[in-house]
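So the structure is just underneath, and the comments pick up after that.
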Amino acid sequence: MKKFFPFLIILGIIFINPLLYAQDTENNTNQDLYSLDKELEKILSEDKKNKKRLSINSEITLSSNFIYLNKDSLLFKQKYYKDLDKRFTFYSEFNSKFMLEYKKDNNIFYIRPNLDLYYKEDMPLENNFRLDEAYILLQPNFSYSCSIGKKVLRWGRGYFTNIVSFFSREKDINDPEAMEEGYVLICLDYIKSFSNNVLQNISFTPVFLPIFDLFNKDFPTNKDLDGGIKLYFLIFNIDIDIMFIEDLYNKPAFGFDWAYNFSSNFETHGEISYKNFPIYSFQDQNIDYKSAFSLLLGTRYLNAYSTTFILEYYYNGHGYSKEEIKNYYSLISEGFEFFQETSNDNKLKNSLYLGKNFFNLPLIMRDYLYLKITQKEPFNILYFNPSFISLLNLEDLSANMSLDLLYSPITNLDLRFKISINLGKRKTEFGEKAGLTNLYLEGKYYF
Amino acid sequence: MYQYKILGFLLLCLLFSAPKVYSLSQEQGAKLLKQVDRHLFPDSYELYRKLINIEPDGSKREFIFYTVRKGKDKIASLFLSPPSEKGRATLRLGDNMWLYIPNVGRPIRITSLQSVTGGIFNNADIMRLDFSVEYNCEKIEEKNGNYILELKAKSNAVAYDRLVMVVDKKTILPKEIKCFAASGLLIKTLHFKQIKKFAPDIVRPAIIETDSPLHKGYKSIMIFLRLKKRKFPDEVFTFSFMPRLNSLRK
């Protein structure tokens, strides 16, 4: 019962909200909307509140994840080799985020702490407090600005992943719009506009990222001070960025991206990167560093029925081939058989180490196709936006498919129900995932 | 004979009571359209607005924006309320439009047909450029103390293919605008109400109500407050400045 408690809270929110909704309706029908003086008074008082120097925004999220396990998959055997009868796993999370902004003249101090409480079955409650962002933004004028502190610096134009975002962490491909944790850096920005139809504006953004014991220790560089720049152009109505970082996995990296609207409802974008990256070589039984190009091409289309299509192709220049992945799966298979014969799990643990650092990560192979189709308010159900999402591995033809239902019954409340399934043959990326089906329920409230 | 006199008298009455329709030239129409634009908005301004989406059962959702504009084709808006939308910003630079969501951390390109708020108003309505920038005046008539302008979009990038605008002859302010698709389908009607004096030289409707035959029973209302002239450098209307729009508010 205890483990389903968060689940019940979310269900409670779903059923309570019609009552709140009814109250909201009753109050509103009696209001005189055309009384400008009343509206003016309301808005002025709200505006005074908004214009205060200190502004606080918060969100709390309650979520539950129920995973039905794939007992035939190798990653299931790798993870649950001591508990092969296990059929499902469950965990819940409570998350709260605060966004505090203090403004004085043109300068801003911003802080975003993040608190997580995890409950996983048969485990004690875990908590994690983190300062995701904390920085000062100095603006001597509108053209120049300087940010100092911990900040998320997201570069790139892709939706489900970005390959040119050199100063940020990897995106969560299951939730590309989730807020992230930043790095401590100094970021300058210079903007210049032009009055012509060819080059409309440019910006120049140099970045400095120091590495100390206290922070940025996980940034992939051996230097004490890493740096890079981004140049942005709006030229012939095309967004263009050129990026550079001095040291990423021991070598400089380069990036280029663009975005353009062919028509008012048809957009195209892309990213190209050339960078170094660690890969595991089964041949040498060692970690090699490989420099390679990667590519992301995407498009966004909105039709007359308010259906949005996002289609992206991703080529991972550091991705493993089918044969290399099969080597990894063979390692797990041999380790599992060895454990069953001898009760010695050393080989399995070795495979777990490789999995954690190389092979169990997202997007590890070479060619992917991502598709997201979102329908705005189908059947005239207001504030209901369902999406179909598919991530297809084009090499081994395995896929992850999801149905994501997002509903906002009242202002500031988002309810999400997502079901996803991994499909694929044996020894394919999604076919060997430990989870077969994932049920996810989330309630998020903003205040 | 007597009957003919009465008939003639009645015909004369009918003639003088019928609405008089005069056609004007397209040049006059273009000039009038520019006047309408300037009467609605100064060349460079900041503005606070409230958008209310009303559903058939009377329930509503409200959004508060802060908007800045410069010249013919530069406009940026920042959501101030509700908390779920706070911090989102949109920027329009000519035919280019972007949306910035704080969670995502960088602006993305969007289309004018989308709506960041839901409801009947779409991005083109919220981030509207001057009518004279997007439309040509094809026909203009004078009728019942109003000008009736028929406007045609200059390009396919514009949200509505045709507009029929009713402009008050005395104030040169719109009273109603019907928006049509290329197929002739009526998409929505904007009703301009409650003339308010925002500044000595800014007198304009404070309320725009919108209804649509495509969304029967639904209504959206935009309320204009605090419209003030203010100058901005061009750099404010750039992709890179979007995360910092809140710093403009004093």
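Model, not experiment: these values are computed from the prediction. Just the heavy atoms: all of them, side chains too, but no hydrogens, waters or symmetry mates, feed the values below. Numbers restart at 1 for each chain; the letters A, B, ... are given by sequence-line order, proteins then strands.
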Heavy-atom cut-off 4.5 Å, strictly under: side chain, backbone, both or neither for A:N237 against chain B? both
Please confirm whether the backbone N or O of A:S193 pairs with a side-chain atom of B:E235, one donor and one acceptor, at under 3.5 Å? yes
Can you check side-chain contact (heavy atoms from CB on, under 4.5 Å) on A:L382 and B:Y218, steps first, answer last? CA-CA 11 Å; A:L382 273 189; B:Y218 296 90; 3.3 Å; yes
For the pair B:D234 and A:K192, find out whether any cationic side-chain nitrogen is under 4.0 Å from an anionic carboxylate oxygen. no
Select one option (side chain, backbone, both, neither) describing which atoms of A:L153 are under 4.5 Å from chain B's heavy atoms. neither
Which is it for B:K86 and A:M99 under the side-chain contact (heavy atoms from CB on, under 4.5 Å) test, yes or no, and what are the steps along the way? CA-CA 11 Å; B:K86 189 175 177 181; A:M99 280 71 68; over 6 Å; no
Say you draw a straight line from OG of B:S247 to CG of A:N107; how long is it, rounded to the nearest 0.5 Å? 9.0 Å
Going by the rule ring pair (Phe, Tyr, Trp, His ring centres under 6.0 Å), which residues pair with A:Y305 if we only count those two or more places apart in sequence or in a different chain? none
Highest number of heavy-atom pairs under 4.5 Å with chain B: which of A:N162, A:N141, A:D414? A:N162
Side chain, backbone, both or neither of A:T205 within contact of chain B (heavy atoms, under 4.5 Å): neither
So, the part of A:K171 with a heavy atom under 4.5 Å from chain B: the answer is side chain
Can a donor-acceptor pair be found, under 3.5 Å and without considering hydrogens, that links the side chain of A:N57 to the backbone of B:P83? yes
So CG of B:N246 and CD1 of A:I108: to nearest 0.5 Å the spacing works out to 6.0 Å
Honestly, is B:R109 close enough over A:Y260, meaning NZ or CZ under 6.0 Å from the six-membered ring centre and within 45° of the axis? no
To the nearest 0.5 Å, what is the distance between CG on A:D239 and CG on B:N96? 7.0 Å
Can you tell me how far the CD atom of A:E267 sits from the CH2 atom of B:W98, to the nearest 0.5 Å? 11.5 Å
Kindly indicate, with the supporting measurements, whether the criterion side-chain contact (heavy atoms from CB on, under 4.5 Å) is fulfilled by B:R61 and A:Y383. CA-CA 11 Å; B:R61 298 223 182 172; A:Y383 310 114; 3.2 Å; yes
Contact part of A:R157 toward chain B, heavy-atom cut-off under 4.5 Å: side chain, backbone, both or neither? both
Measure A:E180 against the heavy atoms of chain B and call it side chain, backbone, both or neither at under 4.5 Å. neither
Is chain B contacted by the side chain of A:Y190, its backbone, both, or neither, given a heavy-atom distance below 4.5 Å? neither
We want to know whether B:S84 and A:K444 form a side-chain donor-acceptor pair, criterion being a heavy-atom distance below 3.5 angstrom. no
If I measure from the heavy atoms of chain B, does A:E177 come under 4.5 Å with its side chain, its backbone, both, or neither? both
A:F447 portion near chain B, given a 4.5 angstrom heavy-atom threshold: backbone
To the nearest 0.5 Å, what is the distance between OG on B:S240 and CD1 on A:I202? 10.0 Å
Is it the backbone or the side chain of A:A304 that comes under 4.5 Å from a heavy atom of chain B, or both, or neither? neither
Over 60° means perpendicular and under 30° means parallel, so classify the ring planes of A:Y232 and B:F239, tilted if in between. parallel
Residue from A:S58, A:A178, A:G158 scoring the most non-hydrogen pairs under 4.5 Å with chain B is A:G158
From A:S147 atom OG to B:R244 atom CZ, the distance as rounded to the nearest 0.5 Å: 7.5 Å
Taking the side chain from B:R106 and the backbone from A:G156, do they hold a donor-acceptor pair closer than 3.5 Å? yes
Chain B contact via A:N303 - side chain, backbone, both or neither, heavy atoms under 4.5 Å: neither
Taking everything shown except B:K34 itself, do over 12 heavy atoms lie less than 6.0 Å from its NZ? no
With a 4.5 Å cut-off on heavy-atom pairs, point out which of A:I191, A:N106, A:D105 contacts chain B the most. A:I191
Shorter than 4.5 Å, heavy atoms on both sides: which option in B:L93, B:T238, B:I101, B:V236 has the most such pairs with chain A? B:T238
Under the ring pair (Phe, Tyr, Trp, His ring centres under 6.0 Å) test, which residues partner A:F236, sequence neighbours left out? none
Tell me, yes or no, whether the heavy-atom count around B:K72 atom NZ, taken from other residues, nucleotides or ligands under 6.0 Å, exceeds 12. no
What is the minimum heavy-atom distance between B:L248 and A:F142, and which atoms define it? CD2-CE2, 3.2 Å
